[in-house]
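In what follows, a structure is listed as structure tokens, so that the remarks can point back to it.
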Number of protein chains: 2
Amino acid sequence: MTTYEREIYAVITTSNEHLTVEQIFAEVRKTYPRVVLATIYNNVNKLCKAGLIRRVSVEGIPDRYDRIQKHDHLVCRRCGELADITFEDLTASLRETVGDTFLSYDLKVFYLCPRCRKK
Amino acid sequence: MTTYEREIYAVITTSNEHLTVEQIFAEVRKTYPRVVLATIYNNVNKLCKAGLIRRVSVEGIPDRYDRIQKHDHLVCRRCGELADITFEDLTASLRETVGDTFLSYDLKVFYLCPRCRKK
DNA sequence: ATATATTTTAGAATCATTCTATCTTATATG
DNA sequence: CATATAAGATAGAATGATTCTAAAATATAT
């Protein structure tokens, strides 16, 4: 692991939020002021391919990066904010339906977050 | 409904595939050669907001448009190709977990499509 | 110690999508 | 019917996240 890989991995896994590349960039910059945005892109891609982090893509907003530990996501339909939920694991059931080419799944649950609910 | 809305709606709902804006554009053009790409964008957006069609966003490839009738999607991890599956309806169970701010959900199942499997 | 591979930097390029301004068509009102 | 107003379509520029390319720096291996 390179310095940046380690640093970016740490930023993502120690954060309780779902960080965008820009947010990771801002964070890494505090320690390594000369880092460049492309380096963050390079490394989140590498970390994703290595299976150490996961990308969370929500339509219309920049991709976010997250720890891999199994969990699903709540997405606010109004503001796009992400939150974690842990719903029952569908793996076995899906593998049965799909067959042995099944790889993984992504469950996004749309809702109104508490803040948006008030409005 | 305007002429284009009707036409675009028809193209999407009569197709067995999951069409991109470009594909819809090509199709509509056959009947209305003077149509412009922005018109397709305007109208798919309007149709989505009206709840007559749904957008299917898969990371890294252009958005696709689909009929609304409840079903889930298989996404090939290798080529991005989409296919339909109908998995058990999780609505009731999710509403229980999430509460009454629950709106809807999106389940994507990643697999290897038959074509990619061969390689 | 030198060659080779990997990583980073810098900035240009890409490309789906949105936006703005203008023109056209449809609808409503007197 | 004529004119006003709203809605839709066109054309093309703008946006913005992400990727790509080429060069520079750093690390690894022989």
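Chain A is the first sequence line, chain B the second, and so forth, proteins listed ahead of strands; every chain is numbered from 1. Reckoned from all heavy atoms, side chains included, excluding hydrogens, waters and symmetry mates.
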Check step by step if ring-ring contact (aromatic ring centres under 6.0 Å, His included) holds for B/Tyr105 and A/Phe110.
-> CA-CA 6 Å; B/Tyr105 72 92; A/Phe110 299 100; 9.1 Å; no

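In the hydrophobic cluster analysis, where Ile, Leu, Val, Met, Phe, Trp and Tyr join through side-chain heavy atoms closer than 4.5 angstrom, B/Leu107 is grouped together with A/Phe102.
DNA chain C is contacted by both B/Glu22 and B/Thr3; B/Glu22 maps to the nucleotide lying nearer its 5′ end (nearest heavy atom per residue).
Residue A/Asn43 has a polar side-chain atom (N or O) positioned under 4.0 Å from OP1 or OP2 of C/dT8. Look at B/Thr39 and you'll find a side-chain N or O under 4.0 angstrom from OP1 or OP2 of D/dT10. Listed pair A/Tyr4 / C/dT9 meets the phosphate criterion, a side-chain N or O lying under 4.0 Å from OP1 or OP2. Here A/Lys46 does not reach the OP1 or OP2 of C/dT6: none of its side-chain N or O atoms lies under 4.0 Å away.
Salt bridge absent: B/Asp84 and B/Lys70 never bring a charged side-chain N and a carboxylate O closer than 4.0 Å. The existence of a salt bridge linking B/Asp106 and B/Lys108 is confirmed by a sub-4.0 Å separation between a basic side-chain nitrogen and an acidic carboxylate oxygen.
The interatomic distance linking A/Ile40 (CD1) with D/dT19 (C1') rounds to 15 Å, in whole Å. Atom CG in A/Leu37 sits about 15 Å away from atom C1' in C/dA13, given to the nearest Å. Taking atom CZ on B/Phe25 and atom C1' on C/dC15, their separation rounds to 15 Å, with Å as the unit. At whole-Å resolution of the value, CZ in A/Arg29 and C1' in C/dT8 are 15 Å apart. Residue B/Tyr65 contributes atom OH, which lies 9 Å from atom C1' of C/dT17 at whole-angstrom precision. What separates OH of B/Tyr41 from P of D/dT10 is a distance of 15 Å, to the nearest Å. The distance from atom CE of B/Met1 to atom P of C/dT27 is 15 Å, rounded to the nearest whole Å. One interatomic measurement links the two molecules: CD of B/Gln23 to C1' of C/dA16, which rounds to 14 Å at whole-angstrom precision.
Of the candidate nucleotides C/dT9, D/dG8, D/dT10, D/dT10 has the atom nearest to the side chain of B/Arg34. Of the candidates C/dT9, D/dT19, D/dT18, D/dT18 carries the atom nearest the A/Asp63 side chain, counting heavy atoms from C-beta on. Considering only the side chain of B/Ala38, D/dG12 comes nearest among D/dG12, D/dT18, C/dT9.
Between B/His18 and the choices B/Glu81, B/His73, B/Arg64, B/Gln23, the side-chain hydrogen bond (donor to acceptor under 3.5 Å, both in side chains) rule is met once, by B/His73.
At the heavy-atom level, B/Asn42 lies under 4.0 Å from base atoms of the strands shown.
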